[in-house]
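Here is how names work: the chains are called A, B, and so on, in the same order as the sequence lines, proteins then strands, and each is numbered from 1. Reckoned from all heavy atoms, side chains included, excluding hydrogens, waters and symmetry mates.
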2 protein chains.
Amino acid sequence: MTKGATQGAARRRGRRPGGTDTRAALIDAARAVFIEQGYDGATVRAIAAKAGVDAAMVNHWFGSKEGLFAEAVLKLPFSPHELAERLLDGDVDNLGQRIVRTFLTTWDTTGGGVFTALMRSITSHELAAHVLRDFLIKHVAGQVLKSVGIDHHEFRATLVASQLVGMGMVRYVAQFEPLASTDVETMVAAVAPTIQRYLTGPIS
Amino acid sequence: MTKGATQGAARRRGRRPGGTDTRAALIDAARAVFIEQGYDGATVRAIAAKAGVDAAMVNHWFGSKEGLFAEAVLKLPFSPHELAERLLDGDVDNLGQRIVRTFLTTWDTTGGGVFTALMRSITSHELAAHVLRDFLIKHVAGQVLKSVGIDHHEFRATLVASQLVGMGMVRYVAQFEPLASTDVETMVAAVAPTIQRYLTGPIS
DNA sequence: GTCTATACAACGATAGAC
DNA sequence: GTCTATCGTTGTATAGAC
């Protein structure tokens, strides 16, 4: 659209003059459209149109729609190493609070639409669930729980994930009130004890 | 819908002999296919084939695919009153346990695919989220929490929902191990205290 | 001159509508 | 059944960078 899809006359064939980065434009457009429409709802043509290029460019640069999806949506907007470090910076007894607070502020500021897109991808595209699982378990949960150093750390990790995912589903996707509009600190007070118990408390 | 007036004598041609109810057969088939494939994945043709009728019948009876979806999926064969009664049959101190156990045994026996379908509908179909929310909050959560009789019952209800939805997402949709394979009683031991605190404990 | 990023046309499949 | 629209994808000619 604003990207200069058709600048007055018909788009010219051939290589564009220097500086344009079709690949990056496609990733930006794909992120937006996948977020809005979901994997199946997003069409290659719509993404290409938003990027101001031809649909064939998707196959040229990413091989397929699925390749573009992997590049655009599954490359999350945060560094797992940074995240783990930030969570571990402090007392283990407050880890639950930091996790809930970080989770909510992160997704609140990104608008929640990204989280919805992620859930939509997971529910409709088996590949996404697998990739996300490996990513989370290996790079975030693994690092954090190794530092906590306690038994059943894999089970505890999935328990933590369950409460966080559910909180995101209710807050961002389904938007059940009043939870969807509850301020972050109230949420921390309510949910952090749950996370803390899953991390370091008795679970059986 | 756009039916009713046209189901008289004008539709004689091709009508099946005695007793068969194409409309009901379509709803049954649609329920199964929508559950299995999600809204986008379910095709009108597949539904019609399962019902043993022509695809044109969908348009005839329900106007469109979306009309059929509304009739089939959003009217679940589900008794909220029964559910609420079953949950309330016992001590309030064990309510968390009963909720987790009922949730898991219900969805475990239906295979988990149904839960996935529900989440898929919610994430991809805004209408479904609204209808489901009203349904749950009004008929199930409302009744249960009124009996518990405590402050902030709406907030508590959404907190409970968040843990249950998240547990289902991890167990049935994303299938994160080991939670996905953990037996029901171990899950109850781990998660019930969370639910119980959301219901009757301090949350702020 | 060579390479390649690009646009365009068209294909086969498949959907919902009529 | 047929029609029409649209999907993801592929083949190919070409404009421009190097």
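A residue-by-residue look at A:H60 and A:R45 shows that A:H60 has its nearest nucleotide of DNA chain C further toward the 5' end.
Per the geometry, CH2 belonging to A:W61 stands 11 Å off P belonging to C:dT4, to the nearest Å. We find that CD1 of B:I47 is positioned 11 Å from P of C:dA15, with the value rounded to whole Å. The distance between atom CZ of A:F69 and atom P of D:dG8, rounded to the nearest whole Å, is 14 Å. The distance from atom CG of B:L26 to atom C1' of C:dG16 is 15 Å, rounded to the nearest whole Å. A straight line from CG of B:L68 to P of C:dA17 spans 11 Å, rounded to a whole angstrom. Rounded to an integer number of Å, the gap from CD of A:E66 to P of D:dC7 is 18 Å. Distance, A:F62 CZ to D:dT9 P: 13 Å, rounded to whole Å.
Contact annotation: A:S64 does not reach the phosphate of D:dG8 (side-chain N/O to OP1 or OP2, under 4.0 Å). Contact between the side-chain N/O atoms of B:N59 and the OP1/OP2 oxygens of C:dC18 is not found at any separation under 4.0 Å.
For B:D54, taking side-chain heavy atoms from C-beta onward, the closest of the listed nucleotides C:dG16, D:dG1, C:dA7 is D:dG1. Which of C:dT6, C:dG16, D:dT9 sits closest to the side chain of A:T22 comes down to C:dT6. For A:M57, whose side chain is taken as the heavy atoms from C-beta onward, the closest listed nucleotide among C:dC18, D:dT10, C:dA7 is C:dA7. The side chain of A:T43 lies closest to D:dC7, out of C:dA7, D:dC7, D:dT9.
Within 4.0 Å (heavy atoms only), A:A42 reaches sugar-phosphate atoms of the nucleic acid but no base atom. B:A55 comes within 4.0 angstrom of no nucleic acid atom, judged by non-hydrogen atoms across all strands.
No hydrogens or angles considered: a donor-acceptor pair under 3.5 Å links the side chains of B:Y198 and A:T194.
The side-chain heavy atoms of B:Q163 and A:M167, taken from C-beta on, include no pair separated by under 4.5 Å. At a threshold of 4.5 Å between non-hydrogen side-chain atoms, the residues A:L104 and A:Y172 count as touching.
In terms of modelled atom types and a separation under 3.5 Å, the side chain of B:R101 and the main chain of B:V188 share no donor-acceptor contact.
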side-chain contact (heavy atoms from CB on, under 4.5 Å) between B:E154 and A:E177: does it pass, once the steps are laid out?
CA-CA 8 Å; B:E154 287 176 327; A:E177 296 293 357; over 6 Å; no

